[in-house]
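Right, one structure below, let's go through it.
Everything quoted here is computed from the prediction, not taken from an experiment. Convention: sequence-line order gives letters A, B, ...; per-chain numbering from 1.
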Amino acid sequence: MVTIISTMETQVSNGPSGTSLPNGPVISTNGSTDDSKTNLIVNYLPQNMTQEEFKSLFGSIGEIESCKLVRDKITGQSLGYGFVNYVDPNDADKAINTLNGLKLQTKTIKVSYARPSSASIRDANLYVSGLPKTMSQKDMEQLFSQYGRIITSRILVDQVTAGISRGVGFIRFDKRNEAEEAIKGLNGQKPLGAAEPITVKFANNPSQKTGQALLTQLYQTAARRYTGPLHHQTQRFRLDNLLNASYGVKRFSPITIDSMTSLAGVNLTGPTGAGWCIFVYNLSPEADESVLWQLFGPFGAVTNVKVIRDFTTNKCKGFGFVTMTNYDEAAMAIASLNGYRLGDRVLQVSFKTSKQHKA
DNA sequence: TTATATT
């Protein structure tokens, strides 16, 4: 049995349309707002990220005019993408520069300008199978690019065999008619040198799921909810892998979840409405909110982060706070990140206590 | 042998 653990993908950045204009909202002659330089689409969001977390993350960059995490109309499940419209085009640019590529849990988010919404860009996603195993993503893009502008392409790979192609992929075109032309031109055709013809068809659309698939999804969601926590040993193993994969920093002075749990009972502020507040000490003067999202995001639902800055210099005063929804995830984050070496600093991470609250 | 990008 083949397990799909990863894919390889090339991402085309959407540029804001039109020529560069002065900052601030641009009002066109017909009275509508031109949001091409302020409106962003965010893809590959973790499944469990909420609207609040989404807003908090992107609000750390600058003032948001509006934002929306897109959900399935029927199940209410996140579709893994959302939109953020900033007030200032400079903040949109800053969000792309600082948050694109951010690792949150198992995902690497993509932040890019949203194309103007229109019916012509919907259902432009193709499923391709029967690709030669030797065909790279670049090869596949080259083959399809004659039919239009490619927004994303992806070849599914099998990680247990170190990223060998499964011969299956996706191509998203800018326009649906480009996708239609690609089907006409390439379905059933042999790519040059290939032994077998490829199949090219429209990809399944998540909003067009069958009743059966919806039931399966609901069942799986419910089943996950009732699954107890993994054995500690397993959790640590997984977390270390996650961290080693995510960051180029070495673990320092690991402590166990059990020692944290005993510590946790005594001195806690406790869950205050939003969740569990975590105190992070020994951040560098240059630290910003994104580093806290990067550190804590992989452990679970983070609702808010805050870097405490000096009022006059605007430099970090060496500490910050992170709010996490679930106790278990917060405890795991603390257990793994306390003593963590970030650059040349060793972090001190703990639940926020009433004593620290006064200080 | 289909993962998720247009509110």
Does A/N204 have any side-chain hydrogen bond (donor to acceptor under 3.5 Å, both in side chains) partners at least two apart in sequence or in another chain, and if so, which? none
Expressed in angstrom and rounded to an integer, what is the separation of A/K68 atom NZ from B/dT6 atom C1'? 11 Å
Write down the distance between NZ (A/K175) and C1' (B/dA5), rounded to a whole number of angstrom. 13 Å
Would you tell me if any nitrogen or oxygen in the side chain of A/R166 comes within less than 4.0 Å of OP1 or OP2 on B/dT2? yes
Rounded to whole Å, the CD1-P distance (A/I151 to B/dT4) equals 18 Å
What's the CG-C1' distance between A/N125 and B/dA3, to the nearest Å? 8 Å
How long is the span from the CZ atom in A/R172 to the CG atom in A/L126, to the nearest 0.5 Å? 9.5 Å
When hydrophobic residues are tied together by side-chain contacts of less than 4.5 Å, even through go-betweens, does A/Y127 share a cluster with A/I121? no
Rounded distance (Å) that lies between atom C1' of B/dA5 and atom OH of A/Y81: 6 Å
OP1 or OP2 of B/dA5 versus the side-chain N and O atoms of A/R154: is any pair under 4.0 Å? no
Distance in angstrom units between A/L79 CG and B/dT4 P, rounded: 12 Å
First of A/R172 and A/K133 reached from the 5' end of DNA chain B, by closest nucleotide: A/K133
A/Y127 side-chain proximity, nearest of B/dT1, B/dT6, B/dA5: B/dT1
Side-chain donor or acceptor of A/R115 paired with backbone N/O of A/D174 under 3.5 Å: yes
Atom CD1 of A/I171 and atom C1' of B/dA3 are separated, to the nearest Å, by 13 Å
Contacts of A/E181 meeting side-chain hydrogen bond (donor to acceptor under 3.5 Å, both in side chains) (sequence neighbours excluded), chain-then-number -> A/K184
Starting at CG of A/N85 and ending at P of B/dT6, how long is that distance when rounded to a whole Å? 17 Å
OP1 or OP2 of B/dT7 versus the side-chain N and O atoms of A/S117: is any pair under 4.0 Å? yes
Polar side-chain contact A/R122-B/dT6 base: donor and acceptor under 3.5 Å: no
Applying a 4.0 Å non-hydrogen cut-off, can you work out what A/K107 is touching in the nucleic acid: base, sugar-phosphate, or nothing? sugar-phosphate
Which nucleotide in B/dT2, B/dA5, B/dT7 has an atom nearest any side-chain atom of A/Y44: B/dA5
